[in-house]
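Let me begin by presenting the structure, written as structure tokens, before commenting on it.
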Amino acid sequence: MLAQSDPIVGIQGLNKWFGALHVLNDIDLTVASGARVVVCGPSGSGKSTLIRCINGLESYQEGVLRLAGTTLGHKARETAAACRQTGMVFQSFNLFPHLTVLGNCTLALRRVAGKTRSEAEDIAMAHLEKVRIPEKARSYPGQLSGGQQQRVAIARALCLNPRIMLFDEPTSALDPEMIKEVLDVMVALARDGMTMVCVTHEMGFAREVADEVVFMDGGSILDRAPARDFFSASGHPRSRLFLETILRH
Amino acid sequence: MGFDPAFALSCVPTILSAIGTTLLVAAVSCFGAATIGFLFEMARRIGGIAGMASGFAIDFIRSTPVLIWLYFLYFVLPFYGIRLGSMTVGIMGLSLYYSGYLAEVFKAGIDAIPKGQPEAARALSLSRRDTVIYVIAPQMMRNIAAPLGNYFVSILKATPYLAVLAVPDMLGRAFDIASETYRYAEPLVVAGLIFLALALLISYGVKRLERRLLAGGTR
Ligand SMILES: Nc1ncnc2c1ncn2[C@@H]1O[C@H](COP(=O)(O)OP(=O)(O)OP(=O)(O)O)[C@@H](O)[C@H]1O
Ligand SMILES: [Mg+2]
């Protein structure tokens, strides 16, 4: 069993290739329980691939990735059980268009967690309240704005009561006026003590909630620093340059 | 020899008496073709040897005339000691033949689903089976309702081929009348109109189904 102080994610010497392309190069990363890690870096640097490895959406070839006390990729059943401890939010929401908001939130509760319909609906409604969208429970995703859809996606991921939430650029497909409503929900989640790994270029959000900022480029982690230091002048030259370009607009 | 409406009307009961056979053959063939076609497509997606065999079978079936399938099953199978009724053979032939086309329809319907959908299902820890049942199949259905309905109409319209196996369908009845009375126009027109009515009915049903599947709008 996992001791309270053990990190939820422990990555050592992780390497991954897509064919000849070396997408993850000797990654080391530890995410303690309750930590909030923001991952940033230029396009193609491997950010998505890294967090997709953490919940088993991608496999890896070398190194060790321990999630909730289990090394992923060794035993199928244990890997699946560990991955169940994660919730993931995608850039493009990926809500199920043929199901209502409530149907989206209850599907895994009923099929994976084995809840009855009414238990599942109670849990789902509680999370929809949390993301402040309970009145849309009976709507279909196509009837919601992007910001609303992303909040539903967050509620859907929370329903299975994950120990860690993974976000892959959750606001970059949104119109500017909707970014705040999603970030507010994420900040509230962080305040509640949720462990989070978040790929984002929202540096305001990073400043506000992150314990640690990780800067990736070319499949490697080039710089990692407590959020406070990352935004001061002390960082790696490459990440300073990157920060300047994204903060300029 | 003009068209005699009174005679045409008198043909209706005889021809209609075979509507049950036509509908039975068509319905079971639709079901069979959809089932086999779906399995073909699933096998093709799994890949490997089963996938290659399945892909070949789909192309092979689609490149041969349906009559060859019917004759083959009817005349060649008994050689191997497999004796089946002509209606069973007819249903098997139509099911197999159209399964090749329906596999392609299923393929298009699944290809149109964004890959974020199965990924979201995996991120929610849904099993592969549940992902197919609750995420893929319903979205595939809304993508394919229209082409599927068209093929169901095609299958209905292909049932007269079973005349070559002496299955007594509506067209068969019409020919019986024709050969007894030497009047072709009336029985053929009546049979044609009944097929038309059935085809329209199926199209209407499919349109309604499509509207229901699209409830709540698309993405
Ligand atoms: N399934 C795949 N097959 C082959 N190459 C891939 C695959 N997925 C990603 N890649 C490549 O791996 C590299 C890293 O991709 P990744 O999506 O992790 O980058 P990213 O940092 O998330 O970029 P972005 O900011 O654009 O989302 C890219 O060069 C990408 O083209
Ligand atoms: Mg990415």
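Just so we're on the same page: letters track the sequence lines, and every chain starts at 1. Hydrogens, waters and symmetry mates play no part in the numbers below; they use all other heavy atoms, side chains included.
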Inset, instruction - State, yes or no, whether a side-chain contact exists between A/Tyr60 and A/Asn15 at a heavy-atom distance under 4.5 Å. - result: no
Legend entry - Check: A/Asn104 side chain, A/Leu99 main-chain N or O, donor-acceptor pair, under 3.5 Å: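 Between the backbone of A/Leu99 and the side chain of A/Asn104 there is a qualifying donor-acceptor contact (under 3.5 Å).
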Below 4.5 Å from any heavy atom of chain B, which atoms of [X] appear? Answer side chain, backbone, both or neither.
X: A/Leu57; answer: both
X: A/Arg156; answer: both
X: A/Phe90; answer: side chain

Legend entry - Carboxylate-amine/guanidinium proximity below 4.0 Å for B/Arg44 and B/Glu41: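 A salt bridge links B/Arg44 with B/Glu41.
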Legend entry - Other residues, nucleotides, ligands: >12 heavy atoms within 6.0 Å of A/Phe18 CZ: yes
